[in-house]
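The structure appears below as structure tokens.
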Amino acid sequence: MKSLTLRYSGATVRDLNDIREFLESAILNLGGDENIAGDLVLAANEAVTNSLLHGYGDQPGAVSLCVETEGEDLLVRLLDSAPPFDPTTVPPPDINRPLEERPLGGLGVHMMRQLTDELVYRATDDNRNELTFIKRGVLSPVQ
Amino acid sequence: MKSLTLRYSGATVRDLNDIREFLESAILNLGGDENIAGDLVLAANEAVTNSLLHGYGDQPGAVSLCVETEGEDLLVRLLDSAPPFDPTTVPPPDINRPLEERPLGGLGVHMMRQLTDELVYRATDDNRNELTFIKRGVLSPVQ
Amino acid sequence: MEINSWHETGHVPVTILQLKGDLTSEDELVQKAQAAFQDGARNIVLDLSHVPYISSAGLRAIHMVYMLLRSADPVDEEQAARGIARDTYKSPHLKLVKPTKNGLKALSTAGYDIFLDIFDTNPQAVASFK
Amino acid sequence: MEINSWHETGHVPVTILQLKGDLTSEDELVQKAQAAFQDGARNIVLDLSHVPYISSAGLRAIHMVYMLLRSADPVDEEQAARGIARDTYKSPHLKLVKPTKNGLKALSTAGYDIFLDIFDTNPQAVASFK
Ligand SMILES: Nc1ncnc2c1ncn2[C@@H]1O[C@H](COP(=O)(O)OP(=O)(O)O)[C@@H](O)[C@H]1O
Ligand SMILES: Nc1ncnc2c1ncn2[C@@H]1O[C@H](COP(=O)(O)OP(=O)(O)O)[C@@H](O)[C@H]1O
């Protein structure tokens, strides 16, 4: 097993670019393909954005992103120390309704779900939020 | 503060290439220049090699490499779970003696010292070896 | 994000907004579209061919541009109501050009590709406005 | 690590070993040098211009090649003893070409640059053998 981690003591939305670049290159490095990388980057980008804007209220906050392999699965873990919040409880939007009838926004968690095989939330022992994005069976068995 | 970490549960010398690439790109990413990257990659490469060959006896072993900033300093930390060993206790070789009078080898720790401003060893609370390579004042204050 | 804009005329005058960089916040695109709208633009093409990623904030921006253009056309509103019922409605005032793979992924997870025409080139998009 | 080898003749026959990739283990270089030595090579140029990194294991390999060539020349041994005393000794049988910045760093932390001539090009190195 191999993992790559990017950690900030005080991240802001200005770091999102850097975070997306890290995720993309880490995923490719661990054997994911461009498609998998695209999905996970999009999904994790939403989660980090929410953590920074909703969780930390747009103030600098600690976040860490870990890309790791588990057998043939590829995982991205986001850890933050913002107030506890479990995004998997957010109800899905109705994306079949026409745009004029839809509220603006509310698509972030939906994208996280759509773009991963599994989205797992847990509060860690030291009270941090841990959100794990899983893509199943995407690595070659040799990995 | 920002940091980048590469972790292996079972690294071998075949991972050294990958480790050097990670260190180089992480150091550049955190604002170090190519010179600093060259020094730290060379130094850390020696330490990881020793950890894998001497520490783990050429068997797969857990190592993690963390590149981080601390004010204007750039740090590389190597953590392993091999038997305790403090390389800073290794006596320096006499590099002024002609090659024919020198033993083969024994240059690894010397390179670690020469290429960093400070080399710090400590055993962590969970009994791992932590070796830190420090380059002082190499980042711009804005960093 | 860099946004270049220019005008072309097909059957009607069209404003092209060519986006470069990740579309991950709403401000820039919305401001640019509002400025164009105030200058009289009623038909807009978003050229997404140089946008590696679109986030939900980017989708929100596209949503707002859509609403803005729609607000100026009462006929569209009525047609939309009938068209949507028949599942054939596409915005007559906002068209997209060549989103990247990841861009398209974002658009389709949100179902935007159902309500917005997507073209391969700017000329095709311009020609499609009536 | 990839190693290409070929022969050139200046004042004496010279074998060039051109290394490509990081020199971070001793086996490949030592084996290649031993094979050349068995084929009669007594003067070797290590072209290090394509070697991004040299580790202590790589230095050990260079050290071994140095000792190998020296072992075949009793005169060198005696000259070395005198030369070293005067700080002017350089190996007459092993020359280095254009190490990269990081390569040179490794060589100099070990003091190898004191005992081995370093040239900018292969022809210069070849011409330097007597
Ligand atoms: N980390 C978080 N901390 C607190 N609240 C959050 C967090 N993430 C999401 N939320 C809440 O969940 C809602 C839905 O999030 P999302 O689907 O990403 O849409 P949006 O962010 O566009 O509203 C947010 O509006 C916010 O109220
Ligand atoms: N991680 C380690 N665990 C145990 N012993 C070590 C470790 N690192 C170094 N040593 C010991 O210190 C010696 C000197 O190391 P070094 O200077 O790197 O030279 P070399 O590895 O070429 O012998 C080694 O030969 C070994 O005996």
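Chain letters run A, B, ... following the sequence lines, proteins first, then strands; residues in each count from 1. Note: hydrogens, waters and symmetry copies are ignored here, and every other heavy atom, side chains too, is used.
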Nearest 0.5 Å, what's the OG-CG distance between C:S56 and A:L104? 11.5 Å
Starting at CG of A:L99, measure out to CE of C:M64 and round the result to the nearest 0.5 Å. 13.0 Å
Among A:R20, A:Q114, A:R113, A:E34, which has the most heavy-atom pairs under 4.5 Å with chain C? A:R20
Let's test your reading of the structure: which of A:N96, A:N35, A:T49, A:L115 forms the most heavy-atom pairs below 4.5 Å with chain C? A:N35
Minimum-distance pair of heavy atoms, taken over all atoms of [X] and [Y]:
| X | Y | answer |
| --- | --- | --- |
| A:L42 | C:I54 | CD2-O, 3.1 Å |
| A:I95 | C:S108 | CD1-O, 4.4 Å |
| A:R97 | C:F115 | O-CE1, 3.5 Å |
| C:A106 | A:M111 | CB-CE, 3.8 Å |
| C:S55 | A:N45 | CB-ND2, 3.4 Å |
| A:R102 | C:H63 | O-CE1, 3.5 Å |

Of the backbone (N, CA, C, O) and the side chain (C-beta and beyond), which part of A:P92 lies under 4.5 Å from a heavy atom of chain C, both, or neither? neither
Do C:Y112 and A:L107 have side-chain heavy atoms sitting under 4.5 Å apart? yes
Check whether any side-chain heavy atom of C:D22 lies under 4.5 Å from a side-chain heavy atom of A:N17, and answer yes or no. yes
Checking heavy atoms, do the side chain of C:S91, its backbone, both or neither come under 4.5 Å from chain A? neither
